[in-house]
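Note that these values count all heavy atoms, side chains included, but never hydrogens, waters or copies made by symmetry.
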Amino acid sequence: MAAIALTATEIESLAETLPSWSLVEGKLRRQFLFADFSEAFGFMARVALAAESLGHHPEWSNVWNRVTIALTTHDIGGLSNLDVDLARRIEALAG
C-alpha cells in the first residue's frame, strides 16, 4: 500500500477517529500498560506482525510493562494513511 499524506483536516479529525492516541511533535503517540513484561512483549510481537504485513513500522519502546508507540511516515515527512491503518490495527490487538 502506498503512503498518502493526511490533509490538515484529516489530522484534526484524528482526535475523534483515534481518541486514545495523541498528536505529539507531529506523530501519533500512545502508551499501553500491561500486567507485566511478558504481556507487553507478547503485544509487541503481535504489533510487529501487523506492521510487517503493512510494510510500515512503528517507533516504539518498552520498559517492563509499558509499551510506547509513535507513528509517522518518514518517507513523506509526516502522517499518512499507513499511520492511521496501523494505529487501528494496534487498537484491535490491544482489545
Side-chain angles (χ1 to χ4, degrees):
M1 179 185 310
I4 301 169
L6 297 184
T7 65
T9 303
E10 289 170 325
I11 291 170
E12 288 177 19
S13 72
L14 290 174
E16 293 176 22
T17 58
L18 294 168
S20 298
W21 294 75
S22 301
L23 193 58
V24 179
E25 299 177 359
K27 298 176 183 180
L28 278 175
R29 185 179 183 282
R30 177 150 185 224
Q31 185 174 87
F32 297 86
L33 297 174
F34 299 92
D36 55 29
F37 176 77
S38 182
E39 282 189 23
F41 193 80
F43 172 73
M44 290 180 76
R46 292 186 298 278
V47 170
L49 293 173
E52 190 65 19
S53 74
L54 279 175
H56 188 63
H57 306 93
E59 296 176 8
W60 57 4
S61 66
N62 166 241
V63 178
W64 188 56
N65 69 336
R66 289 176 303 180
V67 175
T68 303
I69 299 176
L71 302 175
T72 189
T73 304
H74 295 282
D75 294 351
I76 65 165
L79 295 174
S80 78
N81 59 313
L82 296 176
D83 300 305
V84 174
D85 193 2
L86 184 53
R88 287 185 176 139
R89 291 180 188 209
I90 291 169
E91 285 297 308
L93 291 170

Criterion side chain to side chain contact (heavy atoms under 4.5 Å, CB included) on L86 and L28, from CA distance to verdict: CA-CA 10 Å; L86 184 53; L28 278 175; over 6 Å; no

Ring geometry between F43 and F32 (parallel below 30°, tilted from 30 to 60°, perpendicular above 60°):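 It falls in the tilted class, 30° to 60°.
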
Exercise: identify the closest heavy-atom pair between [X] and [Y]:
| X | Y | answer |
| --- | --- | --- |
| R89 | S53 | NH1-OG, 3.1 Å |
| V47 | P58 | CG1-CG, 4.5 Å |
| M44 | W60 | O-CH2, 3.2 Å |
| A3 | T73 | CB-CG2, 3.9 Å |

Straight-line distance of [X] [atom1] to [Y] [atom2], nearest 0.5 Å:
| X | Y | atom1 | atom2 | result |
| --- | --- | --- | --- | --- |
| S80 | H74 | OG | NE2 | 10.5 Å |
| L79 | I4 | CG | CD1 | 14.0 Å |
| S38 | N65 | OG | CG | 12.0 Å |
| H56 | T72 | NE2 | OG1 | 7.5 Å |
| L93 | L49 | CG | CG | 9.0 Å |

Fellow cluster residues of F37, listed by chain then number, with links counted only when side-chain atoms sit under 4.5 Å apart: F41, W64

V84 reachable from L23 in the ILVMFWY side-chain graph, under 4.5 Å edges: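 Yes, because L23 and V84 connect within a single hydrophobic cluster, where side-chain heavy atoms sit under 4.5 Å apart.
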
Cluster link L71 to L54, ILVMFWY, side chain under 4.5 Å: yes

From CA spacing to verdict: side chain to side chain contact (heavy atoms under 4.5 Å, CB included), D83, L6: CA-CA 9 Å; D83 300 305; L6 297 184; 5.9 Å; no

Side chain to side chain, V67 and F34, heavy atoms closer than 4.5 Å: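 Yes. Closest side-chain heavy atoms under 4.5 Å.
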
Audit row: R88, T17, side chain to side chain contact (heavy atoms under 4.5 Å, CB included) steps and yes/no: CA-CA 9 Å; R88 287 185 176 139; T17 58; 4.1 Å; yes

Short side-chain to backbone donor-acceptor contact, D36 and A40, under 3.5 Å: no

